[in-house]
Amino acid sequence: MSKTQLAAAAIRWYDENARDLPWREPGVGAWPILVSEVMLQQTPVVRVLPAWRAWLTRWPVPAALAADTPAEAIRMWGRLGYPRRALRLHECASALVERHDGAVPADLEQLLALPGVGSYTARAVAAFAYGQRYPVVDTNVRRLVARAVAGEPDAGPATRPADLVATEALLPAHPGTAARASAAFMELGALICTARSPRCVDCPLATRCAWRASGRTAPPGPTRRPQRYAGTDRQVRGKLLAVLRETTGPVPRDRLDLVWADDLQRSRALAGLIEDGLVEMVGDTCVLAGDHAVD
DNA sequence: AACTCGTGGGC
DNA sequence: TGCCCAAGAGT
């Protein structure tokens with residue numbers, strides 16, 4: 001049994017079971033696909049769907065976004081989370097105009113050089129928008145490969161070069177088919193080979209899965225937990241930015257005092273937002289980046 | 001390498 | 001309820 005049989009089985013399943021997502025429709029351009037990939041970084045599909053439509057209706061091409069202010073990008077981002085992504089996408093649009101005549105490049109190195117575009121997103125665009133043969137490794141694929149190939153209950157905590165190598169080995173030779181296999185692996189990881197309760201009975205790879213063959217060994221002991229969200233700077237940043245998002249123009253600092261009682265933490269969170277370029281001080285007031293009409 | 005960075009829904 | 005997690009990137 002060759003490894004490409006895994007891909008073949010995944011593609012057959014994908015053809016019958018893939019979700020009907022708008023950025024997968026034939027003829028969708030590289031820019032809409034890039035926007036979807038950035039929005040999908042750590043944000044569930046159901047919340048991305050309406051935001052993606054609204055975003056592309058307003059900014060159908062990179063030049064349109066680049067011509068608008070970062071503040072508007074941050075507002076349109078809404079509550080998708082991690083608003084730095086909105087800022088990076090705006091920077092990315094500017095870079096596309098400056099370096100690539102307003103188009104999304106097909107070259108992997110050029111994609112990787114774009115703001116907010118990392119190893120996953122660059123390969124996703126190269127594969128899904130341009131049909132090139134690159135391993136597209138997200139958390140779903142890492143988990144699926146760890147289980148089906150390595151026989152481990154889960155992938156390691158961080159993406160490694162080895163993940164790219166292991167996934168590349170599964171890809172069919174034909175570029176377009178390889179891209180389809182990547183989409184299929186991702187979809188299998190999202191719908192079947194899930195983190196919490198994998199549905200092996202519905203999995204087209206079950207008969208070839210090393211983890212299942214080993215009796216689905218449990219993951220090793222307690223993994224160290226990240227800090228809880230409640231009470232963190234991230235929560236405070238979120239509250240501060242929510243006020244700025246829903247306000248056009250300057251917000252007095254004492255208006256922001258209302259969202260969090262702890263002066264020190266609130267100041268630290270605001271300083272972080274400024275440091276990230278999401279917020280600017282204008283005199284004694286705060287505005288979203290670029291949201292100050294100078295005239 | 002480990003840590004930061006939002007948000008909301010499922011169980 | 002509290003906890004986990006969802007198509008990562010940047011430092």
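All values below come from the heavy atoms of this structure, side chains included, with hydrogens, waters and symmetry mates left out. Numbered from 1 within each chain, the chains take letters A, B, ... in sequence-line order.
Remark: C1' of B:dT4 and CG of A:Asp233 are 10 Å apart, rounded to the nearest angstrom. As a whole-Å value, the separation of A:Leu40 CG from C:dA7 P is 9 Å. At whole-Å resolution of the value, CZ in A:Arg75 and P in B:dG6 are 17 Å apart. The distance from atom CZ of A:Arg234 to atom C1' of C:dA9 is 13 Å, rounded to the nearest whole Å. One can place CG of A:Asp163 at 15 Å from C1' of C:dA7, the figure rounded to the nearest angstrom. Atom-to-atom, CD of A:Glu91 to P of C:dA9 comes out at 15 Å; the value is rounded to the nearest Å. Rounded to an integer number of Å, the gap from CE of A:Met39 to C1' of C:dA7 is 13 Å. When the C1' atom of B:dG6 is taken as reference, atom CD1 of A:Ile74 falls 14 Å away, rounded to whole Å.
Atom CG of A:Leu111 is separated from atom OG1 of A:Thr121 by 9.5 Å, given to the nearest 0.5 angstrom. Considering CD1 of A:Ile192 and CG of A:Leu144, their distance stands at 10.5 Å, rounded to 0.5 Å. Within the model, atoms CG of A:Asn140 and CG of A:Leu188 stand 9.5 Å from one another, a figure rounded to the nearest 0.5 Å. Here the CG-CG distance, from A:Asp202 to A:Leu191, works out to 10.5 Å after rounding to the nearest 0.5 Å. Here the OG-CZ distance, from A:Ser214 to A:Arg212, works out to 10.5 Å after rounding to the nearest 0.5 Å. Between A:Arg255 atom CZ and A:Cys286 atom SG the span is 11.5 Å, to the nearest 0.5 Å.
Put simply, the residue from A:Trp59, A:Trp23, A:Trp77 that forms a ring pair (Phe, Tyr, Trp, His ring centres under 6.0 Å) with A:Trp52 is A:Trp23.
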Can you give me every donor-acceptor pair (side chain of residues 157-167 of chain A, partner residue at least two apart or in another chain, under 3.5 Å) with its distance?
| from | atom 1 | to | atom 2 | distance (Å) |
| --- | --- | --- | --- | --- |
| A:Asp163 | OD2 | A:Arg160 | N | 2.8 |
| A:Thr167 | OG1 | A:Asp163 | O | 2.8 |

* **Intermediate values then yes/no, side chain to side chain donor-acceptor pair (under 3.5 Å), A:Arg123 and A:Ser119** => CA-CA 6 Å; A:Arg123 288 175 174 80; A:Ser119 175; 2.9 Å; yes
* To do: Test side chain to side chain donor-acceptor pair (under 3.5 Å) on A:Tyr120 and A:Gln41 and set out the steps.
  => CA-CA 9 Å; A:Tyr120 162 76; A:Gln41 293 168 5; over 6 Å; no
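Not counting sequence neighbours, the partners of A:Ala93 by the side chain to side chain contact (heavy atoms under 4.5 Å, CB included) test are A:Trp31, A:Pro62, A:Leu65, A:Ala66. Under the ring pair (Phe, Tyr, Trp, His ring centres under 6.0 Å) criterion, A:Trp211 pairs with no residue, sequence neighbours left out. Partners of A:Trp13 under the ring pair (Phe, Tyr, Trp, His ring centres under 6.0 Å) rule, at least two apart in sequence or in another chain, do not exist in this structure.
Residue contacts for A:Ala190: at a heavy-atom cut-off of 4.0 Å it reaches the sugar-phosphate backbone alone, with no base atom in range. Using a 4.0 Å heavy-atom distance criterion, A:Arg79 is classed as a sugar-phosphate-only contact.
Comparing B:dG6 with C:dC5, their C1' atoms sit 13 Å apart, to the nearest whole Å. Distance noted for atom C1' between B:dA1 and C:dT11: 11 Å (whole Å). On the P atoms, C:dA9 is 23 Å away from B:dG8, given to the nearest whole Å. To the nearest whole angstrom, the two P atoms, one in C:dA7 and one in B:dC11, are 15 Å apart.
In this structure, the side chains of A:Arg53 and A:Pro22 come closer than 4.5 Å at one or more pairs of heavy atoms. Between A:Leu56 and A:Pro32 the shortest side-chain heavy-atom distance falls below 4.5 Å.
Every pair passing salt bridge (Lys or Arg N to Asp or Glu O under 4.0 Å) that includes a residue from residues 64-85 of chain A is listed here, sequence neighbours excluded: A:Arg58-A:Asp68, A:Arg58-A:Glu72, A:Glu72-A:Arg75, A:Arg75-A:Asp291, A:Arg84-A:Asp276.
For A:Gln42, a side-chain nitrogen or oxygen approaches OP1 or OP2 of C:dG8 to under 4.0 Å. Here A:Tyr229 reaches the OP1 or OP2 of B:dT7: one of its side-chain N or O atoms lies under 4.0 Å away.
Between A:Gln235 and A:Ala158, the residue anchored closer to the 5' end of DNA chain B is A:Ala158, taking for each the nucleotide with the nearest heavy atom. Nucleotides of DNA chain B nearest to A:Tyr82 and A:Arg160 differ in position, and the one nearer the 5' end is that of A:Arg160.
Scanning residues 49-65 of chain A for heavy-atom distances under 4.0 Å to DNA chain C yields an empty list. Of the residues in residues 167-188 of chain A, those placing a heavy atom less than 4.0 Å from an atom of DNA chain C are A:Met186, in numerical order. Near DNA chain C, defined here as any heavy-atom distance below 4.0 Å, the residues from residues 21-29 of chain A are A:Leu21, A:Trp23, A:Arg24, listed numerically. The stretch residues 236-262 of chain A has no heavy atom under 4.0 Å from DNA chain C, so no residue of it qualifies as close. Residues of residues 113-152 of chain A having a heavy atom closer than 4.0 Å to DNA chain B: none are found.
Counting all heavy atoms, side chain and backbone alike, A:Val243 lies closest to A:Thr247 at O-OG1, 2.8 Å. Heavy atoms only, all atoms of each residue included: A:Met39 and A:Ala51 are closest at CE-O, 3.7 Å.
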Can you pull every protein N or O that's under 3.5 Å from an N or O on nucleotides 9-11 of chain B?
none

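Through side-chain heavy atoms spaced under 4.5 Å, either directly or across other Ile, Leu, Val, Met, Phe, Trp or Tyr residues, A:Tyr134 is tied to A:Leu108, A:Leu112.
A salt bridge links A:Asp257 with A:Arg266: the distance from a Lys NZ or Arg NE/NH1/NH2 to an Asp or Glu carboxylate oxygen falls below 4.0 Å.
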